[in-house]
Amino acid sequence: MNWFWRKWENRKPTVSQYPTLQTERLVLRMFDLCDTVDVFAYAQNPLVGPMAGWAPHKSIEESRHVVQHFIQNGDVWAIVEKRSGRVIGSVGLHVDTKRAVENARMIGYALGEHHWGQGYATEAAKAVLRFAFEELQCPVVSAYHFPKNAQSKRVIKKLGMTQEGTLRMASVSPDGTVLDEVCYSITRAEYLAHSDTPPKA
Ligand SMILES: CC(C)(COP(=O)(O)OP(=O)(O)OC[C@H]1O[C@@H](n2cnc3c(N)ncnc32)[C@H](O)[C@@H]1OP(=O)(O)O)[C@@H](O)C(=O)NCCC(=O)NCCS
């Protein structure tokens with residue numbers, strides 16, 4: 001297989017839908033159209049989407065399309081707070097199109113502003129990282145944040161990822177602003193070296 005087809009193959013997700021994951025305070029499950037109202041509640045906030053590269057949702061209809069997209073792709077979990085039963089955000093494990101190695105994944109997340117600062121993003125992302133390495137056997141998982149996103153930087157550090165550098169002019173935000181991306185990754189070997197769970201055969 002030549003380099004072009006290898007890169008193309010890597011872009012095809014190898015699973016159709018991720019399973020439900022549990023943490024102490026959260027349930028991570030696939031989205032349902034009934035989640036649209038909860039998604040609109042947090043996604044219309046101009047402090048949330050632009051930090052992750054997407055525009056605030058202008059209508060509930062827009063949120064419905066996004067939820068539909070999540071359902072079709074099957075690579076984004078709804079973050080459900082056990083205490084309230086509400087969807088408070090999302091966490092995704094996507095094919096990392098910046099890397100050619102097979103099964104490289106990229107983690108991304110967003111939470112409603114009311115739920116920031118309680119360790120929820122870190123709790124959700126840790127469960128996703130465990131799934132990526134222990135179930136999907138990914139060789140590497142990456143994360144990227146815009147330079148001014150100090151909260152996300154902190155989450156990524158708490159995941160044990162290594163900063164690789166800055167990809168300049170990597171992204172164009174919905175308003176046309178060109179942004180750099182700070183790049184991080186953790187390899188399977190690094191993860192297993194710091195994990196208490198024995199690797200699966
Ligand atoms: C990034 C985001 C998901 C973090 O969610 P969260 O649940 O608040 O994250 P956590 O509570 O697990 O950790 C946040 C950390 O950032 C720190 N933090 C918060 N505000 C900060 C700031 N302005 N500067 C530096 N650190 C900050 C917190 O103290 C915490 O670190 P600590 O545990 O060492 O105290 C949330 O802020 C968000 O949804 N932002 C908008 C969307 C987004 O940026 N997505 C990521 C795109 S890369």
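Each ligand, and each atom within it, is numbered from 1 in the order the structure gives.
The shortest distance between side-chain heavy atoms of L111 and I79 falls below 4.5 Å.
Looking from atom 40 (N) of ligand 1 to the surrounding protein, the closest heavy atom is W116 CZ2, 3.5 Å. When hydrogens are left out, the protein atom nearest atom 27 (C) of ligand 1 is Q151 CG, 4.0 Å; that is the closest non-hydrogen contact. What sits closest to atom 8 (O) of ligand 1 on the protein, heavy atoms only, is G117 N, 2.6 Å. Among protein heavy atoms, atom 41 (C) of ligand 1 sits closest to V48 O, 3.4 Å. The protein heavy atom nearest to atom 44 (O) of ligand 1 is N149 ND2, 2.7 Å. For atom 14 (C) of ligand 1, the closest non-hydrogen atom on the protein side is V155 CG2, 4.0 Å. Ranking protein heavy atoms by distance to atom 22 (C) of ligand 1, first place goes to A150 CB, 4.0 Å.
The residue among S90, A121, A43, A52 with a heavy atom at the shortest distance from atom 2 (C) of ligand 1 is A121. Counting heavy atoms only, K158 comes closest to atom 33 (O) of ligand 1 of the residues Q118, K158, H145, R154.
The presence of a protein heavy atom under 4.0 Å from atom 35 (O) of ligand 1 is ruled out. Counting only heavy atoms, the protein never gets under 4.0 Å from atom 29 (O) of ligand 1. Taking a distance limit of 4.0 Å, we find that atom 38 (C) of ligand 1 is approached by some protein heavy atom.
Using 4.0 Å as the threshold, F146 has no heavy atom nearer than that to any atom of ligand 1.
No hydrogens or angles considered: a donor-acceptor pair under 3.5 Å links the side chains of Y144 and D96.
Proximity to L111 (heavy-atom distance under 4.0 Å) selects the following atoms of ligand 1: 5 (O), 6 (P), 7 (O), 38 (C), 39 (O).
Aromatic pair W116/Y42: centroids not less than 6.0 angstrom apart.
A tilted orientation is assigned to the rings of H115 and Y120, their planes being inclined by 30° to 60°.
With salt bridges taken as basic N to acidic carboxylate O contacts below 4.0 Å, one links R29 and D35.
Counting heavy atoms closer than 4.0 Å to ligand 1, residue T122 contributes atoms from both its backbone and its side chain.
Remark: ligand 1 and A110 share no N or O pair separated by less than 3.5 Å (distance only, no angle test). Considering backbone and side-chain N/O of G119, one or more are found under 3.5 Å from N/O of ligand 1.
Put simply, the side chain of D38 gets close to the backbone of V87: a donor and an acceptor are under 3.5 Å apart.
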